[in-house]
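Here is the structure we will look at.
What you see is a predicted model; the values in this text were computed from it and never measured. FYI, side chains are in, hydrogens and waters are out, and symmetry mates aren't considered; it's all heavy atoms of this structure.
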Amino acid sequence: MFSVTSLGFLPFMALFVCLWYRVPQPSRWKLVLAANAVFCLSIDIGAFFAVALATAVVWQAAQHAQPEQPSRRGWLALGLAAALLPLLVLKYSGMLVPGLRDLYKPFGLAYYSLQLAGYLLDVWHGRTAPTPSYARLWCYAGFFLSLTQGPFNRYDELMPQLDAAAPQPGQWQRGAQRCFWGYFKKLAVADRAALAVNAAFADPSAYDRSQLFLCAVLYVFQLYADFSGYTDIVLGAGEM
């Protein structure tokens, strides 16, 4: 299973970056689509096919949800239901069907579902033209760098970058430096602070007030370094 902060992500991303600079520019989004598929399948096969089906329904709904379409309200409702269903299953299915929730659990479905819903609403309001390609919508919604923990993307901002991105001088080096800085914050700061924080939170009676206060301060640094480190890794990888 991949995650952005796992060691397995490093060779995966290194291979992806090497291929990115060798693949012709018009086909680079297809390389991203392939990377998305590998990344998602490594997390969970069942959830992969479930979100693929949800994406297909949203893609079809968007074709009929444009401002000039007469039946667009029904298609909007259908598309939003398909986009948000995986998220609702993750949140509430444990009450109804034990075990079904585990199918979706590994995914950051809030990002996947809300990006699909955002795309559909942009089409509804006429801010974005619906893509004729199902594969391109899947490429956008399942973008592997932001699939598990964000950030949120918009279709009309992400896809043009994948289509027309041209490397600038020093861009690769800046991205690599930001990635390594993110790993430092995640592994050397957040994960180290977590050792003391978890021990204190598990048995607070074993520590005096000054030690608990110190662990509370460390917890703040842990949260900041964890989220900030992840963001630096994602942004640095994206810049590369």
Side-chain angles (χ1 to χ4, degrees), residues 1-14 35-36 38-48 50-51 84-115 117 141-153 175-239:
M1 171 180 169
F2 281 144
S3 71
V4 171
T5 55
S6 67
L7 292 179
F9 180 75
L10 292 176
F12 173 77
M13 192 64 205
N36 293 350
V38 172
F39 193 87
C40 294
L41 285 170
S42 75
I43 298 175
D44 190 273
I45 296 177
F48 170 82
V51 295
L84 299 177
L85 179 61
L87 184 58
L88 296 176
V89 167
L90 173 66
K91 188 171 180 63
Y92 297 110
S93 64
M95 306 176 187
L96 303 175
V97 183
L100 183 59
R101 179 173 179 159
D102 295 335
L103 176 66
Y104 299 95
K105 198 171 183 179
F107 273 92
L109 282 180
Y111 299 99
Y112 199 103
S113 294
L114 294 178
Q115 283 189 155
F143 186 48
F144 69 95
L145 286 178
S146 57
L147 179 61
T148 55
Q149 290 181 270
F152 290 104
N153 302 300
Q177 288 174 356
R178 188 162 192 174
C179 273
F180 285 119
W181 176 236
Y183 277 110
F184 174 80
K185 287 194 283 189
K186 181 71 176 66
L187 301 176
V189 179
D191 288 358
R192 297 298 97 190
L195 297 177
V197 170
N198 293 340
F201 283 10
D203 186 14
S205 61
Y207 300 86
D208 59 35
R209 291 182 179 179
S210 60
Q211 292 173 322
L212 292 175
F213 177 78
L214 176 60
C215 287
V217 174
L218 283 176
Y219 185 54
V220 175
F221 282 96
Q222 177 195 348
L223 288 178
Y224 172 78
D226 190 61
F227 284 100
S228 176
Y230 169 84
T231 302
D232 281 336
I233 293 170
V234 168
L235 293 177
E239 189 170 9

Please identify each residue that fulfils ring pair (Phe, Tyr, Trp, His ring centres under 6.0 Å) with [X], with sequence neighbours left out.
{"X": "Tyr230", "result": "none"}
{"X": "Phe213", "result": "none"}
{"X": "Phe221", "result": "none"}

Does Tyr183 reach the side chain of Leu10, with side-chain heavy atoms less than 4.5 Å apart?
yes
Roughly how far, to the nearest 0.5 Å, is the CG atom of Leu214 from the CG atom of Leu218?
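So the CG of Leu218 and the CG of Leu214 are separated by 4.5 Å.
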What is the distance from atom CG of Asn36 to atom CG of Leu41, rounded to the nearest 0.5 Å?
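Taking CG in Asn36 and CG in Leu41, the distance rounds to 10.5 Å.
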Could you list the residues that satisfy salt bridge (charged side-chain N to carboxylate O under 4.0 Å, His left out) with Asp232, not counting sequence neighbours?
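Counting only residues at least two positions away or on another chain, Asp232 forms a salt bridge (charged side-chain N to carboxylate O under 4.0 Å, His left out) with Arg178, Lys185.
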Residues Ser228 and Asp226: side-chain donor-acceptor under 3.5 angstrom
no
So, for Leu145 and Phe9, which heavy atoms are closest and what is the spacing to 0.1 Å?
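Scanning both residues completely, I find the closest heavy atoms to be CD2-CZ, 3.8 Å.
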To check you understand the geometry: which heavy-atom pair defines the closest contact between Gln115 and Asn153, and what is its length?
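Scanning both residues, the minimum pair turns out to be OE1-N, 2.7 Å.
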Greater than 12 external heavy atoms within 6.0 Å of Tyr224's OH
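Open: at most 12 neighbouring heavy atoms sit under 6.0 Å from OH of Tyr224.
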Which label fits Phe12 and Phe144: parallel for a plane angle under 30°, tilted from 30 to 60°, or perpendicular past 60°?
perpendicular
Enumerate donor-acceptor pairs with a distance under 3.5 Å from any side-chain N or O in residues 187-200 to protein atoms, sequence neighbours excluded.
| residue | atom | partner | partner atom | Å |
| --- | --- | --- | --- | --- |
| Asp191 | OD1 | Lys186 | NZ | 3.0 |
| Asn198 | ND2 | Ala194 | O | 3.1 |

Please list, chain by chain and in numerical order, all residues satisfying side chain to side chain donor-acceptor pair (under 3.5 Å) with Gln222, sequence neighbours excluded.
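None.
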